[in-house]
Engineer: 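First the structure, then my questions, so here it is.
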Amino acid sequence: MPELPEVTVITNQLNKKLKGLEIKSIEYDWPKKFHWGEFSIKDLKGAKVSGVERRGKIVIIRLVSGSVGKWDSRKNQKKPTNQPTYKPTDLSILIHLKLTGQLIYQDKKTRIAGGHPLPPLNKPVPNSTTRVTITFDRGKLYFNDMRKFGWVKIIEDKKLEEEDYIKKLGPDPLKMKFDEFRERLKAKRQGRIKKTLMDQSVVGGIGNIYSDEGLWRAKVHPKRSIISLNEAEMKAIYNGVRESFKIAIEKGGSSANAYVDSGGEKGLYLSFGKAYHMTGKPCARCKTPIVQEKMDGRSAHFCPNCQRLK
DNA sequence: TTAAATGTTTAAAT
DNA sequence: CATTTAAACATTTA
């Protein structure tokens, strides 16, 4: 999916738009990946958005209780009643976009869209890839996912840290000091650098695009093992990943197709990319054609001259 | 027609 | 038991 920069961009925009909105209803045709846990639609109806944030690559829509009812604290579950359910704490909606997820919010005068570029982000919604629709008192949020790899989960705020994805998640490269970044990577020793960078338990938010981009900037071959990296190379990788993230966030994400920002403006292509999907194109530094090679089940793109294996 | 795709989990093999 | 690799998930597009 959408990696850290894309999720950051859409999260920030959603945060501005959704704050204070009240949930009216939720529709979905995708029960397999909509995890309600012990909750149900009754628990969300009337709840208001207190903010939208990001953890790794997931989007979290935080809610505050709107309705009140009964909660059985002994059984730690809702009582079987038709009354609205009382929540001992507030709830959150977790959304993982995986490979092909998109989030699109629309109201009378606004449209914001982010995530995977296909289908085009300016395509009308709902469409054939729309899996979940959350209706607010003013506007609707659509979760599209062509390949249905993504998921939605309803969870209590206080259990957020125990959630499977979140509890394994390493810190953001942008929020981490170099020392911690280096130590976390080093723990993988024999691991190959590209694969390790994409390991969400080591560092959060890096996927196939930005591991390629970061390593290109660092002039490090994606197959290098962690133990073979010296201090300078490690630092270059740290900086490389951070730079590519910062640039991508500035540019509004890497979505390769039409991107519509909160003002309805179009634009933004993966024009800043130096390696990802640049196979055969000359390296921006040395003009050697970028090569693509399959490794660890993914395709890596790199410059065979700047990024030597040894 | 076949392969590949902005990701993660799980089963299987080492 | 720890680690690595392959397969699975589901669908579209090049």
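We use all heavy atoms of the structure for the numbers below, so side chains are in, but hydrogens, waters and symmetry mates are not. Numbered from 1 within each chain, the chains take letters A, B, ... in sequence-line order.
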Engineer: Indicate, with a heavy-atom threshold strictly under 4.0 Å, whether A:Thr129 touches base, sugar-phosphate, or nothing.
Structural biologist: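 No contact at all - A:Thr129 keeps every heavy atom at 4.0 Å or more from the nucleic acid.
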
Engineer: Within this structure, what is the NZ-to-P distance between A:Lys148 and B:dA5, rounded to whole angstrom?
Structural biologist: 22 Å

Engineer: What integer number of Å spans the C1' atoms of B:dT1 and C:dC9?
Structural biologist: 22 Å

Engineer: Just checking, is any N or O donor in the side chain of A:Lys140 or A:Thr135 under 3.5 Å from an acceptor N or O on the other one?
Structural biologist: yes

Engineer: Pick out which of A:Lys223, A:Arg192, A:Lys194 makes a salt bridge (charged side-chain N to carboxylate O under 4.0 Å, His left out) with A:Asp296.
Structural biologist: A:Arg192

Engineer: When the distance from CE of A:Met295 to C1' of B:dA4 is rounded to whole Å, what number comes out?
Structural biologist: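 So the two atoms are 16 Å apart, to the nearest Å.
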
Engineer: Could you give the distance separating C:dT4 and B:dA5 at their P atoms, to the nearest angstrom?
Structural biologist: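 Taking atom P in both B:dA5 and C:dT4, they lie 23 Å apart.
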
Engineer: How far, in whole Å, is B:dT10 from C:dA10 if one measures between their P atoms?
Structural biologist: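 So the two P atoms sit 14 Å from each other.
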
Engineer: Would you kindly compare A:Gly191 and A:Arg131 by the position of their nearest DNA chain C nucleotide and give the one closer to the 5′ end?
Structural biologist: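 The residue mapped nearer the 5' terminus is A:Gly191.
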
Engineer: Using OP1 and OP2 only, check whether a side-chain N or O of A:Gln190 sits under 4.0 Å from C:dA2.
Structural biologist: no

Engineer: Nearest whole angstrom, please: distance from the C1' of C:dA8 to the CZ of A:Arg147.
Structural biologist: 11 Å

Engineer: Quote, to the nearest angstrom, the P distance that separates B:dT8 from C:dC1.
Structural biologist: 28 Å

Engineer: Less than 4.0 Å between a side-chain N and a carboxylate O, is that true for A:Glu180 and A:Arg184?
Structural biologist: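 Here A:Arg184 pairs with A:Glu180 in a salt bridge, since their nearest N and O are under 4.0 Å apart.
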
Engineer: Determine, using the 4.5 Å side-chain heavy-atom cutoff (strictly less than), whether A:Ile290 and A:Leu309 are members of one ILVMFWY cluster.
Structural biologist: no

Engineer: Could you work out which one of C:dT5, B:dT8, C:dT12 sits closest to the side chain of A:Met146?
Structural biologist: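 My answer, after comparing the listed nucleotides, is C:dT12.
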
Engineer: For C:dC1, which nucleotide is its Watson-Crick or G-U wobble mate, given both distances must be under 3.5 Å?
Structural biologist: none

Engineer: Measure CD/A:Gln292 against P/C:dA14 and give the value in whole Å, please.
Structural biologist: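 Distance, rounded to whole Å: 16 Å.
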
Engineer: Select base, sugar-phosphate, or nothing to describe what A:Gln102 touches, counting heavy atoms under 4.0 Å on all strands.
Structural biologist: nothing

Engineer: Across all strands, who's sitting opposite B:dT10 as a Watson-Crick or G-U wobble pair, both distances under 3.5 Å?
Structural biologist: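 Result: C:dA6.
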
Engineer: Taking only the side-chain heavy atoms of A:Lys57 (C-beta and beyond), determine which of B:dT8, B:dA5, C:dC9 contains the nearest atom.
Structural biologist: B:dT8

Engineer: Just N and O in the side chain of A:Lys294: are any of them under 4.0 Å from OP1 or OP2 of B:dA4?
Structural biologist: yes

Engineer: For A:Gly297 and A:Lys168, find the nucleotide of DNA chain B closest to each by heavy atoms; which residue's nucleotide sits nearer the 5' end?
Structural biologist: A:Gly297

Engineer: Check this one for me: any side-chain N or O of A:His116 less than 4.0 Å away from OP1 or OP2 of B:dA5?
Structural biologist: no

Engineer: Between the base of B:dA5 and the side chain of A:Arg298, is there a donor-acceptor distance below 3.5 Å?
Structural biologist: no

Engineer: Look at the side chain of A:Phe149 and decide which nucleotide, out of B:dA5, C:dC9, C:dT5, has an atom nearest to it.
Structural biologist: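 The answer is C:dC9.
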
Engineer: Does a side-chain N or O from A:Lys32 land closer than 4.0 Å to OP1 or OP2 of C:dA10, or not?
Structural biologist: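 Yes, A:Lys32 has a side-chain N/O under 4.0 Å of OP1/OP2 on C:dA10.
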
Engineer: Considering only C:dT5, B:dA5, B:dT8, which nucleotide approaches the side chain of A:Arg192 most closely?
Structural biologist: C:dT5

Engineer: When you check the phosphate oxygens OP1 and OP2 of C:dT12, does a side-chain N or O of A:Thr100 lie under 4.0 Å from one of them?
Structural biologist: no

Engineer: Could you state the NZ-C1' distance from A:Lys195 to C:dT4, rounded to the nearest angstrom?
Structural biologist: 7 Å

Engineer: Measuring from atom NZ of A:Lys219 to atom CZ of A:Arg308, what distance do you get when rounded to the nearest 0.5 angstrom?
Structural biologist: 11.5 Å

Engineer: How close or far is atom P of C:dT3 from atom CG of A:Asp199, stated in whole angstroms?
Structural biologist: 12 Å

Engineer: Are any of the side-chain heavy atoms of A:Glu243 and A:Arg217 separated by less than 4.5 Å?
Structural biologist: yes

Engineer: Can we say A:Lys45 and A:Glu22 salt-bridge, meaning some charged N sits less than 4.0 Å from an Asp/Glu carboxylate O?
Structural biologist: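 No.
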
Engineer: Whole angstroms only, please: what is the CG-P distance between A:Leu99 and B:dT8?
Structural biologist: 9 Å

Engineer: Distance check needed: B:dA4 P versus A:His277 NE2, whole Å only.
Structural biologist: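 To the nearest whole Å, that distance equals 11 Å.
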
